[in-house]
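Structure, as C-alpha cells:
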Amino acid sequence: MTQQITHAGLDEAVKQSPRKWVYLFTEGNAKMRDLLGGKGAGVAEMTNAGLPVPPGFTITTEACNAYYDSGKQFPTGLWEQALAALKVVEQQTGKGFGDKKNPLLVSVRSGAKFSMPGMMDTVLNLGINDETVQGLVALTGDERFAYDAYRRFIQMFSKIVLDTDPRDFEEVLDKYKEKAGVKTDAEIPAADLKKLVGEFKQIAERQSGEPFPTDVYQQLHKAIEAVFSSWNNKRAIDYRNFNKISHDLGTGVNVQSMVFGNMGNNSGTGVAFTRDPSTGEKQLYGEYLLNAQGEDVVAGIRTPSKISRLAQDLPEVYQQFQQIAQRLETHYRDMQDLEFTVEKGHLYMLQTRSAKRNAGAAVKVAVDMVEEGLISKEEAVKRVDPTQVYQLLLPRFDDAEKERAKKAGRLLAKGLNASPGAAYGKAIFDADKAEQLGKAGTPVVLVRPETSPDDVHGMLVAKGILTARGGATSHAAVVARGLGLPCVAGCEGIRVSEAEHLFRVVGSDLVIKEGDDISIDGATGEVFAGIIKTVEADFDKEVDLKKLLSWADGFRKLGVWANADYPRDAKRAVTFGAEGIGLCRTEHMFMEQERLPIVQKMILAKTKEERQAALDQLLPFQRSDFKGIFSSMVDPKTGEGYPVVIRLIDPPLHEFLPSYEELLVDVTRLETQGGHEKELAEKREMLEAVGSMREMNPMLGLRGCRLGLLFPEINVMQTRAILEAAAELAKEGKKLQPKIMIPLVGHVNELKEVRRQLEAVAKEIAGESGGSIEYKFGTMIELPRAALTAGQIAPVAEFFSFGTNDLTQTTFGFSRDDAEGKFLLKYVDGLEVPGSKDKVKILPVNPFQTLDRDGVGQLVQMAVENGRKANPKLELGICGEHGGDPDSIEFCHIIGLDYVSCSPFRVPVARLAAAQAALSRGEKDK
Ligand code: ADP
Ligand code: MG
Ligand code: MG
C-alpha cells in the first residue's frame with residue numbers, strides 16, 4: 001500500500017453524473033448521517049480518526065431514493081461511480097476485485113440514518129467464484145477457509161439476493177456434518193466443502209431458475225439492488241412504523257473490503273458496548289468468538305466468550321480495542337456499540353453507533369457522563385427518554401423471590417422483553433374468557449400463539465400478555481406497550497395449543513393448563529410457573545434518577561402536579577416531586593364500604609330532610625378525608641401546604657347503586673322462590689329507584705355540575721367539608737391552598753349558580769370560625785362548549801383545569817370504553833384492506849394517550865388564549881391522563897399552561913418531559 005492512491009477516476013465519474021452518489025470512507029464524516037446512513041457515517045468517522053477500518057465506500061441514501069423514484073433503476077452515474085470507487089479500494093488494499101491471484105472480497109452492508117438492527121440485509125464475502133476461490137486458496141494456503149468462505153457466500157447471496165428458501169441449504173449442511181461425523185460447520189473437511197459448494201450452487205440455480213452469477217460485477221450489482229430493496233421489506237416497514245421513522249429516508253449501501261475473523265485462533269469477531277447497557281457500569285461489555293465470521297456470533301452455534309476474556313486470548317488486541325473504545329466514546333460523547341473483527345492478530349473496527357440501553361443504564365450513563373465532564377446537564381436531561389423513567393418506577397419482581405423461583409426450576413422459557421413491568425395471574429388462552437375473569441377481578445395473563453385485534457377486549461383486562469410468536473413490533477407488543485401492560489412476545493420456548501387450552505414447555509414435559517398461575521417479566525422476557533410477588537420500585541434509592549430530575553427541574557417552566565384521591569397517593573406524589581394536586585376526585589371517598597350505604601340513602605331520599613340527614617352523616621367523613629389530603633401535601637422545603645384542587649361530585653348517581661340487571665335477577669329469583677317477603681320488598685323498591693335513574697347515555701346525562709344544580713345540598717356539604725377541614729388546619733397554624741373545582745360545565749350560567757351556592761357556604765363558615773378561609777374557585781374545561789366560550793367563563797373562575805379525557809371523548813364523539821374495546825385500537829393499528837397486505841391507519845395514535853393537537857388541542861389552545869384575555873390572572877393546568885404523556889406535555893408547554901397534573905407514578909416522567917420541552921424550545925431560564 002505504498003503506492004500513491006488516486007481518486008481521479010472517481011472524480012471524473014462524479015463529474016459525468018448528475019450528482020455524487022458515492023463517497024469513499026475517507027470522504028465522509030459523522031455529520032453525514034442523513035446522506036450516508038448511520039453505519040456509513042460511523043465507518044467514515046472512524047477511518048478519518050485514523051482507526052483501523054477496512055477500506056470501502058458508501059452509496060448514499062439519495063441514490064436509494066432515486067432508485068425507487070425511477071422504478072427500481074440505478075440512477076445515472078451510480079454504477080460508474082461505484083466501479084471507480086472500487087478501483088480506489090483496490091489500490092488501498094492492494095487487491096483486485098475478481099482477480100484470480102489476489103482477489104478482493106467485499107461486504108455489501110445496509111445502513112440507514114437510524115439504526116434498524118436486523119431489519120435490513122447484508123451480504124458478506126462477495127467477489128468469490130470458481131476462479132477467485134483458487135486465488136484465495138493460494139494466498140492463504142488454507143483450502144478449508146477458502147471453500148468455507150465460498151459456501152457462506154452462496155448461502156447468504158441466495159437468501160438475500162435470490163430470495164431462496166434457506167432451509168434447503170441447512171439440510172445439505174446437516175447431511176455433510178452427519179457424513180463427516182462432526183457437530184459444527186467449522187469441522188467439515190475441505191474436500192467435503194468443495195463438493196458442498198457444488199451442491200449449494202445447484203440448489204441456488206434450481207430455486208432461482210437462473211445460473212448462479214459467476215461474474216463478480218454482476219454479483220455486486222445485484223447485491224446493491226438487494227440492499228436497496230431491503231429498505232422496503234415487511235420487517236423494515238413494520239419497524240419504521242412502530243418507531244415512527246419516516247419511510248422516505250432510504251438506506252445507504254456500504255461496500256467494504258472483507259477482513260476475516262475465521263483464519264485461525266489468532267482471528268475472531270465480536271461486539272462490545274463501551275459500558276454495560278443494562279446497568280450503565282463503566283466497563284467494556286460484550287462477547288466474541290475466536291476463529292469465526294461476523295454472523296456466527298449472532299447465529300448461536302457456538303457460545304461466545306465474555307469480552308474480558310480477550311485479555312487472555314489476545315492481550316495486545318484487547319488492549320488496543322480498549323483504547324479505541326475509550327477514544328470513540330470520548331469522541332462521540334456517548335456510550336457506543338461496536339463491532340470488530342481480528343484477522344491474524346490485526347484488529348479492525350467495523351461499526352460504531354450510539355448504544356441502545358435499558359432504563360437504569362440510560363439514567364446512570366447520563367449522570368456519570370456529566371460528572372466525568374463529558375456532557376452538560378442540559379444534554380443529560382435531553383438524552384434520557386421519559387418513558388424509560390416510567391419503566392424504572394414500575395413494579396418489578398422481588399429479586400429474592402425470583403431467584404428462588406429459578407432455583408426451584410420454575411423458569412419455563414424466555415421470550416422477547418416486549419413491554420416492561422412484571423405481572424402474575426392465571427394463564428388464560430382466549431380473550432373472551434380473559435375478559436370475563438378479568439372483569440370479575442381475577443388476575444389473568446392472556447396467553448396466545450400471537451394476538452390480533454380480535455383479542456383486544458381480553459388484553460384490556462389482563463395483567464400481562466404472553467405470546468409464542470411475533471417480535472417486538474408484533475400486535476401483542478404494540479398494544480401491550482400502548483396499554484402499559486407487561487408483555488413477553490415471541491416466546492419460542494413454549495408451544496401454545498388453543499384447542500387444548502394449555503401450553504407445553506419445549507424440551508421438557510412441563511405443561512401449563514388453563515387457570516394455572518404464571519408470572520411474566522416484561523423487562524427481561526422471562527416466564528415462570530407460579531406466582532412471584534411484585535415489589536414497588538424504591539424511588540429513594542434511585543440516586544442517579546433523583547439527581548437527573550433535580551437538574552430537569554432547573555430547566556422546566558411547567559409546574560408538575562399529581563392526580564391523587566387518597567393521602568397515601570398524595571404522599572407518594574410529593575416523594576416523586578409533585579408540587580400540588582391538580583385533581584382530587586371526591587367520589588372514591590363515597591365508594592368506601594362504610595359510606596356507600598349512607599350515600600345510597602342520600603340518593604334514594606324521598607324528601608329534602610331525609611337527604612339532609614344522610615348528608616349530615618357524610619360530612620365528618622369527607623372533612624377528615626380532606627384534612628388527610630391537605631396534611632399530606634406539604635412542601636418539604638417550606639413546610640407550607642401545596643395547592644390542592646378538589647373536584648366536587650362528578651359521576652352519575654346510579655354508579656353508587658347496585659346494577660339494574662342484577663337487581664332484576666334477584667327480584668325474579670325471590671318471586672319464584674316465594675317467602676323472603678321483606679327482602680323482596682326492599683329489592684323491588686331499589687329496582688324501581690334504580691330503574692327510574694337509568695340513562696341511555698350516562699356519560700352525557702345527569703352528572704358533573706348538573707348534579708349540584710339539581711341537588712345543591714350535595715355541593716353545600718362538600719364545600720363545607722373542604723372549608724372546615726382547611727379552617728381546622730389553619731387553626732393549627734398551617735398555610736393551605738384549597739381550590740374547589742366544578743366539573744362538566746358547558747355554560748357560564750352553570751358556573752355562576754354554583755359559585756353563588758359556594759360563596760354562601762363560605763360566608764357561613766367564616767362567620768362560624770371567626771375568620772375567612774382563603775380558597776380558589778375554578779372549573780374543569782372538558783366540554784367543547786366550555787372551551788369555545790372560555791372567554792365568558794373565565795371571569796367567573798380563578799382557574800381552569802383541562803379535563804382532556806372527557807374533552808377527547810366529547811370532541812371525537814367517542815365513548816372511551818366502547819371505542820377502545822371495539823374499534824379505536826384497530827384505527828391505530830390499521831384496518832385490513834381486502835386483497836392487500838397494506839393496512840389503512842385512521843389515527844396515528846390513541847388520542848386518549850397522546851393529546852390530539854389538531855382537534856382537541858386546538859380547543860384547549862383557544863380556551864387558554866380567550867380565558868387569559870378575559871381574566872389575566874387565570875391559572876391554567878391540565879388534569880387528563882395526557883398530563884403524564886411526554887408528547888402532550890410538550891404541547892402544554894408550547895401553549896403556555898402553568899402546570900400539568902398526572903398520576904403519581906408519572907410525576908418523574910412529567911418533570912423530565914417538561915424540561916425537555918423547555919430545552920428543545922431553547923428557553924433555558926426558568
Ligand atoms: P447488521 O447491520 O445487521 O449488523 P452488518 O452490515 O453490520 O449488519 O454486518 C453483519 C455482520 O458482518 C457483522 O457482524 C459485521 O461485523 C460483519 N461484517 C460486515 N462487513 C464486514 C467486513 N467487511 N469484514 C468482516 N466482517 C464484516
Ligand atoms: Mg452491524
Ligand atoms: Mg370528566
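If you're wondering where the values come from, they're calculated on a predicted model, not measured in any experiment. When a ligand or atom number is given, it counts from 1 through the structure's own listing order.
Under 2.8 Å from the Mg ion (ligand 2) lies an N/O/S atom of Gln351, whether from backbone or side chain.
Checked against a 3.5 angstrom limit, the closest N/O atoms of Lys39 and ligand 1 fall inside it. Polar contact check, Arg353 against ligand 1: no nitrogen or oxygen pair lies under 3.5 Å apart. Between Ser110 and ligand 1, not a single N/O pair is under 3.5 Å apart.
Contacts with ligand 1 closer than 4.0 Å are made by side-chain heavy atoms of Glu339 only, the backbone lying farther away. At a heavy-atom distance under 4.0 Å, atoms from both the backbone and the side chain of Val259 approach ligand 1.
Compare Ser115, Ser107, Gly261 by their heavy atoms: the one nearest to atom 21 (C) of ligand 1 is in Ser107. When Met258, Arg109, Met116 are ranked by how near their heavy atoms come to atom 22 (C) of ligand 1, first place goes to Met258. The heavy atom nearest to atom 12 (O) of ligand 1, out of those in Leu124, Val53, Val43, is found in Leu124.
Ligand 1 lies out of reach of Gln293, whose nearest heavy atom is not under 4.0 Å from it. Using a 4.0 angstrom heavy-atom cutoff, Ser257 counts as in contact with ligand 1.
The distance between the ring centers of Phe212 and Phe200 does not fall below 6.0 angstrom. Proximity of the aromatic rings of Tyr217 and Phe97 is defined here by a centroid distance below 6.0 angstrom, and this criterion is met.
Under a 3.5 Å cut-off, the side chain of Thr58 and the backbone N or O of Gly252 do not form any donor-acceptor pair.
Of all the heavy atoms in Arg275 and Val365, the pair that sits closest is CD-CG2, 4.0 Å. Minimum interatomic distance between Glu45 and Ala30 (heavy atoms only, all atoms of both residues): OE1-N, 2.5 Å. For the pair Leu328 and Leu338, the tightest heavy-atom approach, listed with the atom from each and the gap, is CD1-CD2, 3.6 Å.
Side chains of Thr26 and His7 form a contact here, defined as non-hydrogen atoms less than 4.5 Å apart.
The stretch residues 112-124 participates, sequence neighbours left out, in these salt bridge (charged side-chain N to carboxylate O under 4.0 Å, His left out) pairs: Asp34-Lys113, Asp121-Arg235.
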Determine, stepwise, if the pair Ser230 / Asn233 fulfils side-chain hydrogen bond (donor to acceptor under 3.5 Å, both in side chains).
CA-CA 5 Å; Ser230 70; Asn233 69 31; 4.9 Å; no

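Ligand 1 places these atoms under 4.0 Å from at least one heavy atom of Gln351: 7 (O).
The closest approach of Glu339 to the Mg ion (ligand 2), by N/O/S atoms, is made by OE2.
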